[in-house]
2 protein chains.
Amino acid sequence: MNSRRAKSDGDGDRPVISRRRISESTIRRLSIYYRALSALEGEGYHTVSSKDLARREKLTPAQVRKDLSFFGSFGTRGLGYPTKELKTRIAAILGVDQTWNVGLIGAGNIGSALVSYKEFQKQGFVINAIFDNDQRKIGSNHKGIVISDIKDLAAEVKKRNIQIVVIAVPAAAAQQACDVAVEAGIKAILNFAPINLKVPNGVTLRTENMAMEIEYLSFTLTNHMRPIPT
Amino acid sequence: MNSRRAKSDGDGDRPVISRRRISESTIRRLSIYYRALSALEGEGYHTVSSKDLARREKLTPAQVRKDLSFFGSFGTRGLGYPTKELKTRIAAILGVDQTWNVGLIGAGNIGSALVSYKEFQKQGFVINAIFDNDQRKIGSNHKGIVISDIKDLAAEVKKRNIQIVVIAVPAAAAQQACDVAVEAGIKAILNFAPINLKVPNGVTLRTENMAMEIEYLSFTLTNHMRPIPT
DNA sequence: AATTGTGAAATTGTTCACAGCA
DNA sequence: TGCTGTGAACAATTTCACAATT
């Protein structure tokens with residue numbers, strides 16, 4: 001049943017997920033499936049086929065099945081996937097079946113927007129600490145969260161068991177903020193500054209570069225191109 | 001020197017850029033090179049090699065050369081690329097050598113943050129219209145830009161020659177906002193709502209999904225994985 | 001001596017196509 | 001019959017490796 005052939009991945013044992021390295025695109029699509037399943041569940045579908053998911057998200061059915069197959073066999077031949085259960089499984093794979101404590105560095109425009117961003121909260125990402133280096137902001141209260149001095153980051157990370165740090169400071173200050181987070185033992189960083197940060201091995205960094213996306217649009221407009229299907 | 005050699009798109013001749021389809025990843029990296037070159041120029045480098053660029057952005061030299069080669073031969077063997085000129089060339093390719101008029105739909109948290117986002121302005125993306133459907137917001141002034149009723153979007157698009165629309169409304173309202181933009185003739189849309197929007201052929205849509213990025217982090221933390229190099 | 005530009009090779013990712021099951 | 005799960009075929013992307021050039 002569980003076609004999981006435990007595999008060794010270098011040396012020791014290796015988990016569930018593996019033998020083959022899961023690609024970044026597969027993980028991204030898992031997020032997509034998760035959101036689609038939430039919607040489908042709300043629409044009353046008890047069962048969903050790879051075709052349904054594919055049509056809804058503009059992918060191919062084979063792609064959906066292949067992605068899911070890396071993690072196990074969740075479907076029933078002839079029937080499809082049980083909506084609710086598949087959603088639960090994907091939530092477990094993505095780790096959104098738990099709460100993550102998130103620290104935010106930077107209480108500026110983007111930072112403020114993120115504190116109110118519903119989608120984070122809905123998925124269990126709870127911002128419970130905000131850091132800044134502006135003395136005028138420190139000590140003040142933002143949506144019920146006190147803004148701390150970035151100097152106290154390590155202490156707060158420990159005290160509040162913060163696992164993820166979001167960087168929302170200007171580009172010039174971003175590497176320093178990143179270093180502070182790494183120094184405090186953080187292993188996952190989401191960066192909104194338009195700059196390539198350096199992190200040591202073992203720390204996962206994702207950079208959300210909004211300028212890059214709008215430049216892509218400008219490229220297609222400039223070159224009269226048909227959009228490259230995403 | 002607008003090096004844009006007009007091209008027909010389907011049968012006839014094909015431009016500079018092309019004959020081979022430029023991949024999305026190449027375009028993204030062009031944005032990266034552009035930013036790196038701006039920095040290098042500021043640091044006083046007159047010349048830069050593919051190796052320099054690669055090291056700086058954690059890519060391979062071959063990748064840099066291959067990407068650039070799709071658009072022409074900008075370098076000198078033995079020497080490298082002229083920093084300033086390469087930057088100018090890439091700016092022309094990306095279309096950031098001109099000003100783009102951007103309309104923003106949604107005057108909420110994310111929308112407000114975008115209006116103040118320096119990186120957009122720096123690259124020539126000027127938000128000069130804001131739309132909302134909340135009567136309390138309409139008519140008020142946000143950073144010098146009057147908030148208009150979304151009903152007037154088509155008229156404003158025409159009047160202000162708006163070429164790009166940014167959607168920053170809740171997921172439930174996003175498709176409708178998108179339809180309005182498409183109806184007004186917009187060909188490039190940047191969407192911040194966590195939902196897969198439908199657009200007709202000929203319209204380029206990019207979706208910036210912040211939840212997806214943080215879920216990726218949660219995945220790596222959950223699975224004790226080494227980060228997949230980006 | 002150094003570095004580009006680029007075919008060819010290697011790798012990675014996607015789609016096909018079909019056996020296996022419900 | 002319908003749809004999953006998956007190896008094999010195919011396609012796209014990246015890296016290699018080297019001739020060309022300064």
Side-chain angles (χ1 to χ4, degrees), chain A residues 1-5 7 16-30 32-33 37 40 45-83 85-86 89-90 93 228-230, chain B residues 16-30 32-33 37 40 45-83 85-86 89-90 93 226-230:
Chain A
M1 299 294 96
N2 195 331
S3 61
R4 184 136 13 75
R5 357 18 171 171
K7 266 319 303 15
V16 179
I17 294 171
S18 210
R19 145 95 23 133
R20 195 205 195 285
R21 197 196 188 101
I22 305 303
S23 75
E24 178 178 332
S25 30
T26 292
I27 304 172
R28 294 182 67 86
R29 283 191 300 265
L30 243 35
I32 293 174
Y33 303 148
L37 288 165
L40 287 163
Y45 292 91
H46 288 198
T47 265
V48 64
S49 69
S50 57
K51 207 165 131 199
D52 298 336
L53 274 170
R55 192 176 25 222
R56 182 163 190 130
E57 300 298 330
K58 291 236 218 49
L59 299 164
T60 67
Q63 177 100 81
V64 174
R65 297 199 299 277
K66 180 70 90 179
D67 284 338
L68 297 177
S69 78
F70 294 142
F71 302 94
S73 294
F74 308 130
T76 307
R77 291 168 198 234
L79 253 182
Y81 303 88
T83 311
E85 194 199 314
L86 183 57
R89 295 298 216 107
I90 293 181
I93 294 165
I228 294 172
T230 308
Chain B
V16 175
I17 295 172
S18 214
R19 149 92 27 137
R20 191 206 197 285
R21 195 193 188 106
I22 305 303
S23 75
E24 178 179 330
S25 30
T26 291
I27 304 171
R28 294 181 67 85
R29 283 191 301 265
L30 243 35
I32 293 174
Y33 304 147
L37 289 165
L40 287 162
Y45 292 91
H46 288 200
T47 263
V48 63
S49 70
S50 57
K51 207 166 131 198
D52 298 336
L53 275 171
R55 193 176 24 222
R56 183 165 189 127
E57 300 297 330
K58 289 237 220 48
L59 299 164
T60 67
Q63 176 101 82
V64 174
R65 296 201 299 278
K66 180 70 90 179
D67 284 338
L68 296 176
S69 78
F70 293 142
F71 303 94
S73 294
F74 307 130
T76 307
R77 290 167 197 235
L79 254 183
Y81 303 88
T83 311
E85 194 198 314
L86 183 57
R89 296 297 216 106
I90 293 180
I93 294 165
R226 241 169 263 103
I228 293 171
T230 308

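Residue numbers begin at 1 in each chain, while the letters A, B, ... track the order of the sequences.
- Rounded to a whole Å, the OH atom of A:Tyr45 is 14 Å from the P atom of D:dC3.
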B:Arg29 vs B:Thr26, test: side-chain contact (heavy atoms from CB on, under 4.5 Å). Steps then yes/no. CA-CA 5 Å; B:Arg29 283 191 301 265; B:Thr26 291; 3.6 Å; yes
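- For B:Tyr81 and D:dT22, the shortest distance from a side-chain N or O to OP1 or OP2 is not below 4.0 Å.
- Each side-chain hydrogen bond (donor to acceptor under 3.5 Å, both in side chains) pair with one or both residues in residues 73-82 of chain B, not counting sequence neighbours, would appear here, but there are none.
- Straight-line distance from the CZ atom of B:Arg29 to the C1' atom of D:dA12: 12 Å, rounded to whole Å.
- Taking atom CG on A:Leu53 and atom P on D:dC3, their separation rounds to 13 Å, with Å as the unit.
- Few gaps surround CZ on B:Phe74; more than 12 heavy atoms of other groups in view lie less than 6.0 Å from it.
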Sugar-phosphate means primed atoms, P, OP1 and OP2; the rest is base. With that split, encode nucleotides 16-22 of chain C 5' to 3' as B, S or - using protein heavy atoms under 4.0 Å. BB-BBBS
Could you tabulate the donor-acceptor pairs under 3.5 Å formed by side-chain atoms of residues 48-55 of chain A, not counting sequence neighbours?
| residue | atom | partner | partner atom | Å |
| --- | --- | --- | --- | --- |
| A:Ser49 | OG | A:Lys51 | N | 3.3 |
| A:Ser49 | OG | A:Asp52 | N | 3.1 |
| A:Ser49 | OG | A:Asp52 | OD1 | 3.3 |
| A:Ser49 | OG | A:Asp52 | OD2 | 3.2 |
| A:Ser50 | OG | A:Arg65 | NH1 | 3.2 |
| A:Asp52 | OD1 | A:Arg55 | NH2 | 3.4 |
| A:Asp52 | OD2 | A:Ser49 | N | 3.0 |

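- Distance, B:Phe70 CZ to C:dG7 C1': 12 Å, rounded to whole Å.
- Taking only side-chain nitrogens and oxygens, B:Ser50 comes nearer than 4.0 Å to OP1 or OP2 of C:dT4.
- Taking atom CZ of residue A:Phe74 and atom P of nucleotide D:dT4, one finds them 14 Å apart after rounding to whole Å.
- When the C1' atom of D:dG5 is taken as reference, atom CG of A:Asp67 falls 13 Å away, rounded to whole Å.
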Derivation of the side-chain contact (heavy atoms from CB on, under 4.5 Å) call for B:Ile22 and B:Leu30: CA-CA 11 Å; B:Ile22 305 303; B:Leu30 243 35; 5.9 Å; no
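- Nearest to the side chain of A:Gln63, among D:dT4, C:dT14, D:dT14, sits C:dT14.
- Counting to the nearest Å, the P atom of C:dT4 and the CZ atom of B:Arg89 are 16 Å from each other.
- Going from atom CZ of B:Phe71 over to atom P of C:dT4 covers 17 Å, rounded to whole Å.
- Listed here is the closest heavy atom pair of A:Thr47 and A:Thr83: N-OG1, 3.2 Å.
- OP1 or OP2 of D:dA12 has not a single side-chain nitrogen or oxygen of B:Arg21 nearer than 4.0 Å.
- Between A:Val64 and A:Tyr33, the shortest heavy-atom distance links the atoms CA-OH, 3.4 Å.
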